[in-house]
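To keep things clear, I will list the structure first and then write my remarks on it.
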Amino acid sequence: MRPLDPLSSIKTKLGVVIVASVAVTVAVHTLGLRAGVPLVLVGIASGALSLVMIQFLAHGMTSPLREMASAAKTMARGDYSRRVTATSRDEVGDLARAFNSMASELEEVDRMRRDLIANVSHELRTPISALQAVLENLIDGVEEPDPVTFTTMHEQVQRLGRLVSQLLDLSRLESGSVPLQRTTFRVEDLLEQAVRESKLHSHNVHLSVRVSPLDLSAHGDPERIHQVVANLIENAVRHSPDDAEVVVSARGNQRRVTIEVEDEGPGIPQIEASRVFERFYRADAARSSTQGGTGLGLSIARWIVDLHAGEIRVESRDPTGCRMVVELPGIESLDARSTPRD
Ligand SMILES: Nc1ncnc2c1ncn2[C@@H]1O[C@H](COP(=O)(O)OP(=O)(O)OP(=O)(O)O)[C@@H](O)[C@H]1O
Ligand SMILES: [Mg+2]
């Protein structure tokens, strides 16, 4: 039982403890002397009773601090599962609540770190095992060193290289070590260039660009935005059936620019709409396919869009297909930045 838990300040609690112990001492003293008990005994009794009183009232005032000290030691050993009692409403209670939320966040970060290591090792192992198998076959003479074998090996090496550069990109973005090179750029030029590049290796779909108004401009890092759009187009092309259309469009005004990439593929179910932005997340079909990517593209895209104070989301299309929407600041944000505040 913690009788002082409802009080919201340590000062009030201490005040109550002092007043209560003084009151007990005075009461025992007065009663004892009136009953003719010797002064020494009265002193001992009143001292003992006030100590009991303090113990009863102050119980729980400092125990969260002790709990925190012991939990912090457990955390230092890598166990983030401990939580401390946080029922008190005073400053110690606030500290205990802050401690618990810090512990939860650390636990989550630790879980993500473990997942990342597991995912990275898995993703690296797959192409390495494939390469190893082909090389062993070549050494043993089971396979001929023909162009098909070399193409397979080249594809695996490309996959490895791509994974490593994506991971580097993601870690640079997350650590903020690559500042954005912001400038004002014409959205149409950027989209046209991204589509031109995608057309080089996507012959089975029809790619088109629609921008309204034609001279629409946005403010941001064109290199990075290009990376986002290229990834969205790559995804759209990858999930499109043959002869389908992929439309890359942009609209907006001085305040906001919306870029959309629409395809006629299977789309992304509502339940997965936010998960696809997680690192290494791939829908089951993509995960089991050897053709699929690494599941990093959209998480890199989200980092880039977040750095621009924009928004990226998935919408579904009728009857089928996926619409990826990216909202970016228009050129007005440039004026807002360059206008002195006072
Ligand atoms: N246009 C789309 N249509 C259907 N599913 C999609 C589409 N875009 C993304 N997805 C799903 O979202 C998952 C994550 O996409 P993301 O771009 O992050 O990874 P990836 O394309 O698999 O690999 P990477 O881009 O790293 O090469 C994909 O694996 C796929 O399941
Ligand atoms: Mg992708």
Side-chain angles (χ1 to χ4, degrees), residues 112 115-116 118-127 130 155-174 191 194-195 197-202 204-209 224-249 259-307 311-326:
M112 281 168 64
D115 284 358
L116 183 66
N119 280 323
V120 170
S121 343
H122 175 83
E123 293 299 328
L124 288 173
R125 207 183 49 199
T126 315
E155 276 167 8
Q156 300 302 340
V157 172
Q158 274 183 317
R159 200 177 158 86
L160 272 175
R162 187 179 147 91
L163 174 65
V164 170
S165 65
Q166 278 184 323
L167 281 170
L168 261 174
D169 237 9
L170 200 56
S171 92
R172 281 206 207 110
L173 283 167
E174 283 184 350
L191 300 190
V195 163
E197 287 168 12
S198 303
K199 274 182 180 163
L200 296 177
H201 37 81
S202 48
N204 58 335
V205 293
H206 306 284
L207 281 152
S208 59
V209 176
R224 293 291 179 185
I225 304 291
H226 177 277
Q227 200 179 346
V228 172
V229 175
N231 186 268
L232 297 183
I233 297 176
E234 188 191 302
N235 282 351
V237 169
R238 186 183 286 161
H239 294 96
S240 287
D242 278 351
D243 276 339
E245 213 183 337
V246 169
V247 181
V248 185
S249 60
I259 299 174
E260 293 183 349
V261 178
E262 296 172 288
D263 65 61
E264 296 172 353
I268 297 175
Q270 191 62 38
I271 195 161
E272 289 181 359
S274 60
R275 298 211 62 197
V276 289
F277 296 104
E278 289 173 15
R279 282 185 295 208
F280 292 107
Y281 186 82
R282 284 165 299 177
D284 280 345
R287 186 176 285 276
S288 48
S289 137
T290 49
Q291 296 302 309
T294 47
L296 287 173
L298 286 180
S299 36
I300 293 176
R302 190 177 59 178
W303 263 101
I304 295 174
V305 174
D306 282 353
L307 284 178
E311 196 198 324
I312 182 165
R313 61 175 183 275
V314 179
E315 288 177 3
S316 47
R317 291 180 74 203
D318 222 17
T320 167
C322 169
R323 179 186 297 119
M324 300 294 304
V325 185
V326 176

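Order of appearance sets the numbers: ligands from 1, and atoms from 1 within every ligand.
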Inset, instruction - Report yes or no: does G267 have a heavy atom closer than 4.0 Å to ligand 1? - result: yes

Inset, instruction - Output yes when R282 and E123 qualify as a salt bridge under the 4.0 Å nitrogen-oxygen rule, no when they do not. - result: yes

Inset, instruction - Decide whether the shortest distance between a heavy atom of M324 and an atom of ligand 1 is less than 4.0 Å. - result: no

Legend entry - Value rounded to 0.5 Å, distance of CG in L232 from CD in Q227: 11.0 Å

Inset, instruction - Please state which part of F277 comes within less than 4.0 Å of ligand 1, counting heavy atoms only: side chain, backbone, both or neither. - result: neither

Legend entry - Heteroatom proximity flag, G297 to ligand 1, N/O under 3.5 Å: yes

Legend entry - N/O separation below 3.5 Å, L298 to ligand 1: yes

Inset, instruction - For Y281, counting its heavy atoms only, list the atoms of ligand 1 lying under 4.0 Å from any of them. - result: 13 (C), 14 (C)

Legend entry - Among R323, R282, H239, closest by any non-hydrogen atom to atom 2 (C) of ligand 1: H239

Legend entry - Salt-bridge present (R159, E155; N to O < 4.0 Å): no

Legend entry - Pick from I268, N235, V276, L170: the one approaching atom 10 (N) of ligand 1 most closely through a non-hydrogen atom: I268

Inset, instruction - Find the distance between NE2 (H226) and CG (L191) and round it off to the nearest 0.5 Å. - result: 9.5 Å

Legend entry - ligand 1 contact by R162, heavy-atom criterion under 4.0 angstrom: yes

Inset, instruction - Using a strict 4.0 Å threshold on nitrogen-to-oxygen distance, state whether E260 and R317 make a salt bridge. - result: no

Inset, instruction - May I ask you to decide whether D318 forms a salt bridge with R323, counting only side-chain N to carboxylate O separations under 4.0 Å? - result: no

Legend entry - I271 atom CD1: more than 12 heavy-atom contacts under 6.0 Å: no

Legend entry - ligand 1 to L296 polar contact by distance, N or O atoms, under 3.5 Å: yes

Inset, instruction - Pick whichever of S299, A230, G295 has a heavy atom sitting closest to atom 23 (O) of ligand 1. - result: G295

Inset, instruction - Going by heavy-atom distance to atom 25 (O) of ligand 1, choose the closest among V261, N231, T294, L232. - result: N231

Inset, instruction - With rounding to the nearest 0.5 Å, note down the distance linking CD1 in I259 to CE in M324. - result: 12.5 Å

